[in-house]
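In what follows, chains carry the letters A, B, and so on, assigned in the order in which the sequence lines appear, proteins first and then strands, with residues in each chain numbered from 1. Computation of the quantities below employed the complete heavy-atom set of this structure, encompassing side-chain atoms and omitting hydrogens, waters and symmetry-equivalent molecules.
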Amino acid sequence: MLNSGINVIIEGVNMQRLLLGLAVTVRIAFISIILGSLLGILLGLIRTSKSKVITFICRVYLEVFRIIPILVWLFIVYFGVTNLLNIHLDGEIVALIIFSLWGAAEMSDIVRGALESLPKHQMESGLALGLSFWELYRYILIPQAVRRMLPGAINLSTRMVKTTSLVVMIGVIDVVKVGQQIIERSFTLLFVIRCPSGQKNWKLNGRIK
Amino acid sequence: MEINWAFIVSNLPLYEKAAWLTLKLSILGIALSLVIGMLCSVILFYRTKGLVRLVQAYIEVSRNTPLLIQLFFLYYGLTKVGLTMSENTCAIIGLAFLGGSYMAEAFRGGIESVSKSQLESGLSIGLSNFQLIRYVILPQAFAVTLPSLGANCIFLLKETSIVGAIAIPELMHITQDLIGIYYQTFEALLMLVVSYLVMLLPLSIALTWLERKVRYAQFGN
Amino acid sequence: MTIEEKHQVLLQINGLHKEYDGTTVLDDINLSIHKGEVVVILGPSGCGKSTLLRCMNGLEKIQGGEIVFSGKDLTDKNVDWQNTRQQIGMVFQNYDLFPHMTVMENVLLGPVKVQKRDKAESLEQAEQLLKRVGLFERKDAYPRQLSGGQKQRIAIVRALCMNPQIMLFDEVTAALDPEMVREVLDVMLGLAKQGMTMMIVTHEMGFAKAVADRIIFIDAGKICEIATPDEFFSNPTTERAKQFLNIFQY
């Protein structure tokens with residue numbers, strides 16, 4: 001069983017397809033984690049603002065992504081938006097858009113949580129030293145917040161890598177053609193690449209505690 | 001843009017049926033994952049020899065593989081070694097396998113929130129192990145655990161959107177069918193989103209309420 | 001209480017040895033406590049006095065020596081701790097009342113669920129004890145609605161309701177606001193006057209002097225001095241005890 005499994009994976013075309021599929025998932029995950037984090041950090045900073053309107057809009061943005069399943073979002077953009085605007089969007093582009101936006105939403109909450117968890121007197125003693133708004137964030141708040149953000153951010157990245165497997169459903173990787181055999185083997189492989197990222201997260205959490 | 005209302009009305013029963021199927025699968029999956037989670041957390045709490053490693057390995061595997069892959073494994077993979085299960089069974093087992101680890105973590109968090117000194121003062125008035133769990137740990141852990149359990153239920157209900165991948169006629173699957181057959185993309189998607197909102201919004205609001213209530217009612221010592 | 005009963009040994013500690021991961025915390029402790037006696041244990045922080053109390057009730061395992069409580073050896077492997085703990089009341093620093101139960105439920109948990117005593121009779125006893133500590137009116141309150149001092153008085157009642165033969169008090173006023181210390185100490189003093197056998201770890205020197213029959217001074221895990229309060233406070237024999245008492249002079 002194991003022997004034949006390895007054979008199926010190694011057989012030329014299958015191996016190529018498998019690696020190709022994996023490369024696509026990893027690429028999507030990688031790019032959207034970066035885009036999502038950048039956008040999310042910005043949004044997170046905005047969410048600590050005092051304006052009720054701005055925080056409300058940001059909150060709605062987050063909740064909208066939280067309530068509706070990601071797969072539904074992929075469908076909405078893949079089928080709906082392309083249909084509505086009468087353009088063709090490649091499945092990979094759709095995945096990039098949705099995963100980045102989702103990542104940004106979740107990331108903004110992590111950033112906000114980290115900033116708000118800082119004791120208030122940190123900000124006050126910074127202001128008392130006469131720091132400007134930007135200096136306050138640059139030297140006092142952000143360095144401290146980053147440490148608190150890290151576990152959440154890594155957890156989010158793991159979730160995003162995991163969720164990218166959904167791109168199969170909008171035809172980014174053609175499952176039917178690659179066939180059942182590959183899926184079965186890719187289970188093993190996916191587990192191999194995912195497990196270490198989970199492990200690392202666990203260790204890091206331990207250290208921060 | 002014109003909305004084809006007739007199309008929506010004529011396909012409403014289809015969506016209703018699919019939504020019930022989604023709910024049914026989630027409820028069974030959630031119930032099973034609660035049982036798994038409870039067992040795992042009890043094993044971890046008592047540090048039962050031999051089983052602890054097994055549970056830890058299960059939690060790692062469950063948390064680090066996507067449900068989609070788990071489903072493919074159950075549905076296509078196991079068939080190859082001669083174990084064939086119905087689509088619905090696969091979906092429920094998949095959800096339970098995924099959810100079990102999340103529930104276990106929630107229970108563990110609750111149990112750990114009960115301070116050691118609470119356990120000691122329980123022991124010092126002569127409570128037995130069982131009485132300690134029954135009268136001291138469970139009532140306190142429950143309040144802490146409830147919001148995470150709620151969040152997990154919502155999470156699992158959302159994950160059900162994936163089971164269409166193994167040919168279960170749930171919401172995603174029928175939406176894809178309708179789009180493919182009739183090209184009524186907007187209407188199909190609209191009904192899809194509304195179906196999920198109808199199921200998830202009340203749950204989500206209830207959860208927010210619950211979280212706030214628990215936070216304010218924190219017993220505080 | 002007759003003179004004879006007063007001389008009956010209730011708790012006997014012989015050569016008790018306790019260590020954490022190879023570090024000795026208590027070394028060769030020998031002590032006997034008579035019925036109706038109030039023993040106050042003093043000593044600097046981390047000297048092991050709390051650990052000693054916790055050993056009495058099985059919350060800490062000991063590595064050597066023996067503890068004999070009303071004729072039973074508590075170091076025996078087959079000792080029924082559940083039963084023993086019902087006879088040894090303990091009150092902790094952090095007044096750990098069960099937060100999800102009312103005062104009355106907290107107090108009745110032991111007699112009704114553990115000792116399976118008659119509910120009406122337990123209730124009557126609980127009410128009497130609550131009256132004695134002046135908290136009868138609060139019997140239906142939840143712990144979060146009480147002040148620290150009130151909680152600690154309830155914790156004492158909870159332990160008393162089991163009709164213990166001895167009460168252990170582990171720095172019960174250390175976590176309290178200063179103005180609440182008095183109300184708790186008064187309850188303890190009342191108990192002492194009624195003839196309850198007590199082992200008290202405290203930092204309240206004035207109270208120690210007033211309540212104790214004997215003072216045990218522990219330093220670095222060893223008993224340095226055993227004396228009557230008068231002797232100990234006016235004329236300590238060891239250098240360590242002198243230094244310790246000096247800290248409290250201001």
Side-chain angles (χ1 to χ4, degrees), chain B residues 34 38 41-42 45-49 103 106-150 206-207 209-221, chain C residues 50 53-54 56-60 80-102 105-117 142-148 151-152 154-164 167-170 172 175:
Chain B
L34 280 171
M38 189 86 83
S41 59
V42 167
F45 181 69
Y46 282 115
R47 310 236 118 251
T48 318
K49 274 203 185 102
M103 297 299 185
F107 286 125
R108 197 183 55 126
I111 292 172
E112 280 178 3
S113 74
V114 181
S115 66
K116 195 170 163 241
S117 55
Q118 280 282 320
L119 305 185
E120 285 180 348
S121 59
L123 286 176
S124 76
I125 58 168
L127 293 179
S128 67
N129 262 335
F130 175 75
Q131 286 172 325
L132 198 64
I133 293 181
R134 161 80 181 75
Y135 296 110
V136 179
I137 299 178
L138 277 186
Q140 293 183 60
F142 188 62
V144 178
T145 309
L146 214 53
S148 357
L149 291 182
L207 179 66
W209 174 81
L210 193 69
E211 270 174 347
R212 192 171 303 150
K213 195 156 158 72
V214 168
R215 203 175 321 136
Y216 286 131
Q218 277 288 334
F219 301 114
N221 210 354
Chain C
S50 286
L53 276 200
R54 292 163 60 84
M56 303 295 98
N57 138 359
L59 292 174
E60 304 282 352
D80 179 3
W81 273 113
Q82 220 188 307
N83 187 27
T84 309
R85 282 178 181 139
Q86 293 170 32
Q87 298 166 46
I88 304 179
M90 181 154 186
V91 185
F92 299 86
Q93 178 177 342
N94 293 317
Y95 34 87
D96 269 283
L97 296 180
F98 304 122
H100 54 293
M101 300 179 187
T102 63
E105 286 166 348
N106 261 286
V107 172
L108 287 183
L109 184 66
V112 175
K113 298 292 181 202
V114 177
Q115 296 180 324
K116 314 258 187 254
R117 272 155 51 194
Y142 280 92
R144 63 170 177 276
Q145 297 164 315
L146 302 176
S147 73
K151 276 187 254 193
Q152 199 57 291
I154 301 291
I156 295 174
V157 170
R158 182 173 69 180
L160 285 176
C161 253
M162 311 286 291
N163 297 322
M167 287 284 285
L168 312 175
F169 294 90
D170 186 7
V172 290

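A distance of 10.0 Å separates CZ of C:Arg54 from OG of B:Ser124, quoted to the nearest 0.5 Å. Taking CD from B:Glu120 and CD from C:Glu60, the interatomic distance works out to 7.0 Å, rounded to the nearest 0.5 Å. Taking CD1 of B:Ile125 as the start and CZ of C:Phe98 as the end, the distance is 4.5 Å to the nearest 0.5 Å. Atoms CG and CE, on B:Leu123 and C:Met90 in that order, are 11.5 Å from each other to the nearest 0.5 Å.
If you measure heavy-atom distances from C:Leu168 to chain B, you find no contacts under 4.5 Å at all. Heavy atoms of B:Gln131 lying under 4.5 Å from chain C belong exclusively to its side chain.
For the pair C:Asp96 and B:Gln118, the tightest heavy-atom approach, listed with the atom from each and the gap, is OD1-NE2, 3.0 Å. Taking every heavy atom of both residues into account, B:Gly126 and C:Gln82 meet most closely at O-CG, 2.9 Å. Nearest heavy atom pair, residue B:Tyr135 against residue C:Lys113, reads OH-CD, 3.0 Å.
The environment of B:Lys116 atom NZ is sparse: at most 12 non-hydrogen atoms of other residues, nucleotides or ligands sit within 6.0 angstrom.
Side-chain N/O atoms of B:Ser117 and C:Asn94 include no donor and acceptor closer than 3.5 Å.
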